Amino acid sequence: MKHSMNQQTRRGRGPARRIGRTLAFVLPVVLVLSGTLAVTRVNWSGNSTDPVLTAADTSVGSPRAAKRAPQDILRDKLLTELQEEDPGVALTHLQQAVNGRPSLAKHCASIARALGQAAVRVYGPTRAQSYARPVCDTAFATGVAAAHS
């Protein structure tokens, strides 16, 4: 009788034990692979591959373009986007650029103010203010207010 009790106990643990063993093997493999893939996606070279910055620098061959600062290139690109699409798209790309390249953070407020002023010229003060959001604090809204005053 004791022998049959052990078999039932073992059977009860069998599938759970197999699942546990499978997870114990598969889970670390999945974690290692996902970590490896995440590390390979990081730009370790320091050169930005952000489409906002690379698309803006279309005239690299000219000496004047080579001397332009990244923040000036970004501002011009975003001002073009503001006119072609809307301020919301430009603000989103500004936030992405600052997140992707932290050295641009010190220029974020001035770029956002320029976007706010341009938005007033293109959309008028009321509609421009409707696009305001907390990118670079309230710099966009400040630019809208300054252009409206």
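Quick caveat, the model's predicted, so the values are computed rather than measured.
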Where is the tightest heavy-atom contact between [X] and [Y], given as atom of each residue plus distance?
X      : Y      : answer
Leu91  : Tyr131 : CD1-O, 3.5 Å
Gly143 : Gln117 : O-CG, 3.2 Å
Arg75  : Ala114 : CD-CB, 4.0 Å
Leu79  : Ala118 : CD2-CB, 3.6 Å
Ala128 : Val144 : CB-CG2, 4.1 Å
Leu104 : Ala97  : CD1-O, 3.9 Å

Separation of [Y] [atom2] from [X] [atom1] (nearest 0.5 Å):
X      : Y     : atom1 : atom2 : result
Cys108 : Gln71 : SG    : CD    : 12.0 Å
Lys77  : Asp72 : NZ    : CG    : 15.5 Å
Leu115 : Glu81 : CG    : CD    : 9.5 Å
Arg68  : Leu74 : CZ    : CG    : 10.5 Å
Ile73  : Leu78 : CD1   : CG    : 12.0 Å

Worked verdict on Gln96 versus Asn99 for side-chain contact (heavy atoms from CB on, under 4.5 Å): CA-CA 5 Å; Gln96 290 171 346; Asn99 290 345; 5.7 Å; no
Shared hydrophobic cluster for Val89 and Val98 (ILVMFWY, side-chain gaps under 4.5 Å): no
Thr92-Arg133 side chain donor-acceptor pair, cut-off 3.5 Å: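 Side chains of Thr92 and Arg133: pair found under 3.5 Å.
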